[in-house]
**Q** 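Attaching a single structure in structure tokens format; questions to follow.
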Amino acid sequence: MSAAAPKKDPAAVEADVREKIHLEILKRTGAYHANDHVLLPSGQHTTEYIEKTLVTTEPSFTEGLGAVIAKHFAQWPVDVVLSTGPGALILSHCVARAHPSRPIVVYGAKGLSGGKRKVSLPVEFHRLLRPGTKVLLVEDLVSTGTTLNLLIELVEQLGAHIVGVGCLWRRTSVDLNGRPVFSLVSRDFPTYSPDECPLCRKGVPLNEEFVRRRTHRKSSSVQEPKAS
Ligand SMILES: [Zn+2]
């Protein structure tokens, strides 16, 4: 007599498969690194890392991922896709392009004020977010949700209505005050302090490349010559 294996809910299995596909796409762009031993800027160690800047470098991948987000929200009318900032704008464009409502695309700006995060909306966009406007927020990676919550507050102050939030990746612990969130990947990186890191214990070499890149490598630039 054999005990039947516990059956997983087919919808959960499908979600798992989809997530694996999306992770594979992110890996192919070079943005997602797995099975590594990475030093994070915080000093913690982890096995996975995502380089935000590389996420939307492959147009056909971005279009495909944007279409998945659009399909999820296709049942609700959307007037405006609001990108959290210029970083998520390419993805936002792809979401808007694939949504049946043919929404327009606008973007916010992130900044700091007295050490606190703030978001703003260029003044030219104000007339596009009116009372009753249906807004779909799009972000690439959501780690704490602070920026999104600020943007939600801003949109609601203008009287517009949040349809939901679509993103490529979110940490599972993120709370957006009960707003509907759809993410292609929903996953936390396990992080370890160096003295408790199982990879250090196993003697796996530590990859400091990403931290070093942030602190020592400058982006390349050229400047207009000074007038003589
Ligand atoms: Zn370690």
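Everything quoted here is computed from the prediction, not taken from an experiment. Start at 1 and go down the list; that is how both ligands and their atoms are numbered.
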**Q** Scan residues 143-153 for pairs that pass side-chain hydrogen bond (donor to acceptor under 3.5 Å, both in side chains), counting only residues two or more places apart or in two chains.
**A**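 Found Thr144-Thr146, Asn149-Asn177.
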**Q** Going by side-chain contact (heavy atoms from CB on, under 4.5 Å), name the residues that satisfy it together with Glu14, two or more places apart in sequence or in a different chain.
**A**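 In terms of side-chain contact (heavy atoms from CB on, under 4.5 Å), with neighbours along the sequence ignored, Glu14 is linked to Arg18.
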**Q** Which pairs with one or both residues in residues 116-168 pass ring-ring contact (aromatic ring centres under 6.0 Å, His included), sequence neighbours excluded?
**A**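 Non-adjacent pairs meeting ring-ring contact (aromatic ring centres under 6.0 Å, His included): Tyr107-Phe125.
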**Q** Is there a donor-acceptor pair under 3.5 Å between the side chain of Arg102 and the backbone N or O of Arg97?
**A**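 Answer holds: yes.
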**Q** Near the Zn ion (ligand 1), which protein N/O/S atoms fall under 2.8 Å?
**A**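 Correct list: His37 NE2, His45 ND1, Cys197 SG, Cys200 SG.
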**Q** Salt-bridge test for Lys27 and Glu48: reply yes if a basic N is under 4.0 Å from a carboxylate O, no otherwise.
**A**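 Salt bridge: no.
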**Q** Ring centroid separation for Phe182 and His72, is it under 6.0 angstrom?
**A**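 So the answer is yes for these two rings.
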